[in-house]
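Throughout, protein chains are lettered first and strands after them, A, B, ... in sequence-line order, and every chain is numbered starting at 1. None of these values were measured; they are calculated from a predicted model.
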Protein chains: 2
Amino acid sequence: MTVAGAEPTQDAAIRRNSGVSLWRQISDRIRRLETDGQLDPDGRLPPEFRLAEQFGVNRHTVRSAISHLVQEGVLRTEQGRGTFFRSRPRLAYPIGRRTRFSAGLEGQASTLQMVLVESATIRADERVAVGLNIEVAATVIWLRTIGLADGEPVSTAESWFPADRLPGIADAFRRTGSVTAALSLLGIDDYTRRATTLTATHASDDDLARLKLAPGAIVLVAVGVNVDPDGRPIQYSETRFSADRIELTIESA
Amino acid sequence: MTVAGAEPTQDAAIRRNSGVSLWRQISDRIRRLETDGQLDPDGRLPPEFRLAEQFGVNRHTVRSAISHLVQEGVLRTEQGRGTFFRSRPRLAYPIGRRTRFSAGLEGQASTLQMVLVESATIRADERVAVGLNIEVAATVIWLRTIGLADGEPVSTAESWFPADRLPGIADAFRRTGSVTAALSLLGIDDYTRRATTLTATHASDDDLARLKLAPGAIVLVAVGVNVDPDGRPIQYSETRFSADRIELTIESA
DNA sequence: CCCACTTGTATAGTGATATAGACAACTATA
DNA sequence: TATAGTTGTCTATATCACTATACAAGTGGG
């Protein structure tokens, strides 16, 4: 018999036929174990049969929950040894006057890569026009890129470049895989970041797909303008980082 | 192509194979319509076929979501007319010096009822001992009751009575269906509420079952002590109200 | 090497979830 | 009294979610 009072938010039990599948409920509970710190120092999960009896379900149901978390990159299994949390220390992405993807993350991952997913020539909406200091509806080149560290997506960005000044930016990027190199090809050897605004939000469906995130994940959104040495805007961009994998560091120099 | 910026928290689309069944996602969305105020003044839902195409699912799936909400008492369907939100104005439960279930709700529901679910003779823990001003581990009589208005559960309470003074309280309650009447049987013709503390919390699993609530519902928790005319505590109680169905009014007289 | 412990795979059965189409039953209104 | 618009019921099919049982395969330690 329970005679407890206003009890502390006790973990709700697994609920059957609630419209939420058991594997999903268990998966959510396991994911929370990591942050709750009720874990061995080696990040090892209890064996499947034990989790199964703990949650009162079949071992296969636990396996289903685990395999989804493996898919998401939260867990890693080793046959014969156990299941472990992937300890993925966040990459530190410096934001400052010289914000560059590869240079910023250098040394923190063995391979860094920027891929162009999509590009188009479009007309500037007001936001972009203000950022680039051009007329609304002026022609701009739009790129969508994804940044990969060790082959895993960590950021996705949209960039807008003034078309009159940098008509070949998409091709140059495609050839070089880098904004810095592409701009260099087009005669701009240096550029600096003028302003950056940071926000955080829940991942959109697009984010989930592009960054391979789990529903409910958080993304950091950095909106900024790069300018050439003369101070003329050459790139307006919105970059969305997986908050699980990246932390932003502000260089206040 | 989307060129929108940091978009306002857009309603996530219905997600398939997410571990959350479609009917559950739709059911949650419909439930939110009421509070979001995007509803006809008559509280009528769009027809099923329209909801189905809106959510991109089969009509039967919408029907499943709706039937769950009907089960919960959120919706009401009328064949040939439509589906409507049940407007259930909250009952006003007065809390003050003379807090009594039936008298307090009189006139707000056609039938009022208090049923004893469970009782036991146990030892007072510290909380109860302090409330009743007795020794820790002294014998007390514990009752769990449920309050029904129009046959629907609106509150569930645990009460503790000092066993030495009121040994027959459980039987008396069982016979009369009222604390007031039970106490009267045992020679206590009047009592008053000395103190009440109010909190709110998410419904526990017990609450969900006993009050027939939907997961995530809120309960109001009132903890109080009743004393006899001489000021001696005779009842310590914790009452949990469904916040959907009850509002508490404080009499400050 | 053997043994205990772990994850991985296979097979089979049951109930919940979702789709599809057709038609019945009821309501309001022209 | 038709008719359009609505909810209710029925049948059929497919897939997902969960259980049950058994055994294979890898790991680590006595």
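As rounded to whole Å, 14 Å separates atom C1' of D:dG28 from atom CD of A:Gln79. Whole-Å rounding puts the B:Arg24 CZ to C:dT17 P distance at 11 Å. Atom CZ of B:Phe49 is separated from atom P of C:dA22 by 17 Å (rounded to the nearest Å). Atom pair A:Asn58:CG and C:dT9:P shows a separation of 17 Å (rounding to whole Å applied). With rounding to whole Å, B:Leu75 atom CG is found 16 Å from D:dT6 atom P. Distance, B:Asn17 CG to C:dA16 C1': 14 Å, rounded to whole Å. Rounded to whole Å, the distance from CZ on A:Arg81 to P on D:dA25 is 21 Å. The interatomic distance linking A:Arg15 (CZ) with C:dA16 (P) rounds to 17 Å, in whole Å.
With distances taken from any side-chain atom of B:Arg16 to the nucleotides D:dG8, D:dT19, C:dA18, the minimum falls on C:dA18. Checking D:dC18, C:dT17, D:dT7 against the side-chain heavy atoms of B:Thr77 singles out D:dT7 as nearest.
Each of A:Glu78 and B:Arg63 lies near DNA chain D, and the nucleotide nearest B:Arg63 is the one positioned closer to the 5' end. Mapping A:Gly19 and A:Ile66 onto DNA chain C by nearest heavy atom places A:Ile66 at the nucleotide closer to the 5' end. Toward the 5′ end of DNA chain D lies the nearest nucleotide of A:His68, the other residue of the pair A:Gly80 and A:His68 mapping further downstream.
Counting any heavy atom pair closer than 4.0 Å across all strands shown, A:Arg50 reaches no nucleic acid atom. Within the 4.0 angstrom heavy-atom criterion, only backbone atoms of the sugar-phosphate kind lie near A:Thr83; the bases stay farther away.
B:Trp23 and B:His68 have parallel rings, their planes meeting at less than 30° on a 0 to 90° scale where 60° marks the start of perpendicular.
In this model, a side-chain donor or acceptor of A:Arg59 finds a partner on the base of C:dG8 within 3.5 Å. The base of C:dG8 has none of its N or O atoms less than 3.5 Å from a complementary donor or acceptor on the side chain of A:His60.
For CD of A:Glu78, the number of neighbouring non-hydrogen atoms (other residues, nucleotides, ligands) closer than 6.0 Å is greater than 12.
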(request) Test B:Thr196 against B:Thr99 for side-chain contact (heavy atoms from CB on, under 4.5 Å), laying out the working first. (result) CA-CA 10 Å; B:Thr196 304; B:Thr99 296; 5.5 Å; no
(message) A:Val219 vs A:Leu211, test: side-chain contact (heavy atoms from CB on, under 4.5 Å). Steps then yes/no.
(response) CA-CA 10 Å; A:Val219 292; A:Leu211 298 177; 4.2 Å; yes
(request) Test A:Asp28 against A:Arg24 for salt bridge (Lys or Arg N to Asp or Glu O under 4.0 Å), laying out the working first. (result) CA-CA 6 Å; A:Asp28 290 346; A:Arg24 176 59 189 268; 3.3 Å; yes
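Under 4.0 angstrom from either OP1 or OP2 of C:dT17 there lies no side-chain N or O belonging to B:Thr61.
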